[in-house]
Enquirer: 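Just dropping this structure here.
For ligands, and for the atoms within them, numbers begin at 1 and follow the listed sequence.
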Amino acid sequence: MGNSQAINLNNITVYIEDGLDAVGKRAADVFCSALTDAPTAAYGFATGSTPVCLYQELIARYKDGSLDMGEISAFNLDEYYPITKDNDQSYDYFMSTELFNHVNVKPENRDIPSGEAPNPAAECLRYEAAIRARKDFKLQIVGIGENGHIGFNEPAATFPATTNYVELTESTITANARFFDSAADVPKHAITMGVGTIMMAEQVLLIATGSKKSQIVRDSILGDIDPQVSASALQMHRNVTVVLDTDAARDLLAQL
Ligand code: PGA
């Protein structure tokens with residue numbers, strides 16, 4: 001698998017891989033080992049550019065017969081609000097095209113916050129209750145924003161405990177504008193699992209790639225636990241695995 005390194009920092013296992021293929025394979029190994037252990041459990045998925053390498057690898061393993069997702073339940077971190085499911089920028093649409101259309105997760109076992117719900121506050125309550133009703137929330141996949149967000153938990157005075165309705169920051173709107181015709185088209189709000197919701201998962205798998213994430217990866221793992229950097233809450237979780245490419249690992253390695 002080329003050059004690969006594993007280190008343990010503040011009780012977080014960090015894998016550093018050479019290239020996106022290797023990141024995808026390593027993240028898939030972590031996911032599949034959880035799946036072998038708990039084939040009927042609830043799993044939380046993430047959107048964005050980062051997990052695509054993992055999803056490609058999961059699709060390849062499903063096609064070669066080595067992966068079966070037929071009994072899992074799938075949740076997702078977040079969704080824009082408002083947005084229709086058939087909008088090709090919705091996270092519902094993303095999950096279908098990037099993963100679920102190509103593997104055997106049952107459609108009735110998929111849940112994601114609805115960008116179409118008439119009342120976002122009620123939708124937050126519904127979604128949080130659906131996750132809490134599961135006593136087998138096995139693993140949550142997360143990417144990280146350049147401002148340290150996980151899900152859409154933007155810098156705040158306290159860590160949001162539960163699924164919440166958020167106003168996106170300018171930094172997030174600018175970062176996500178690349179997927180839309182213009183920044184003006186990016187929805188201004190989202191519904192996201194809270195940091196507390198994410199922390200309920202038995203294991204968290206954080207993936208980060210590219211030099212733009214290097215500084216915030218270092219701050220999240222080695223810096224203070226601070227709600228201004230929501231990923232720093234993961235230092236308090238008992239089972240976190242981080243998979244980085246060498247670019248995203250640079251500042252972290254420089255500080256060791
Ligand atoms: P990205 O987004 O994977 O597209 O960089 C990650 C995030 O904002 O959580």
Enquirer: Tell me: protein heavy atom nearest atom 6 (C) of ligand 1, and distance?
Expert: Ile144 O, 3.6 Å
Enquirer: Within a strict 4.5 Å, meaning less than it, do heavy atoms of the Leu205 and Val242 side chains meet?
Expert: no
Enquirer: Report, in ascending order of atom number, the atoms of ligand 1 lying under 4.0 Å from any heavy atom of Gly48.
Expert: 3 (O), 4 (O)
Enquirer: When you check the gap from the basic side-chain N to the acidic O, do Arg238 and Glu202 get nearer than 4.0 Å?
Expert: no
Enquirer: Does the side chain of Ile191 reach to within under 4.5 Å of the side chain of Thr163, using non-hydrogen atoms?
Expert: yes
Enquirer: What I want to check is whether the side chains of Asp245 and Thr209 have a donor and an acceptor closer together than 3.5 Å.
Expert: no
Enquirer: So which bit of Asn176 gets within less than 4.0 Å of ligand 1, heavy atoms only: side chain, backbone, both or neither?
Expert: neither
Enquirer: Between Lys213, Glu146, Lys212, which one has a non-hydrogen atom sitting closest to atom 2 (O) of ligand 1?
Expert: Lys213
Enquirer: With rounding to the nearest 0.5 angstrom, report the CG to OH distance, Asn104 to Tyr62.
Expert: 4.0 Å
Enquirer: For atom 8 (O) of ligand 1, grab the closest protein heavy atom and report residue, atom and distance to one decimal in Å.
Expert: His149 NE2, 2.7 Å
Enquirer: Determine whether a donor-acceptor pair (N or O, by modelled atom type, separation under 3.5 Å) exists between the side chain of Gln228 and the backbone of Ala156.
Expert: yes
Enquirer: Could you tell me, atom by atom, which parts of ligand 1 come under 4.0 Å of a heavy atom of Arg178?
Expert: 4 (O)
Enquirer: Which of the atoms in ligand 1, numbered in the order shown and given with their element, are less than 4.0 Å from a heavy-atom of Thr50?
Expert: 1 (P), 3 (O), 5 (O)
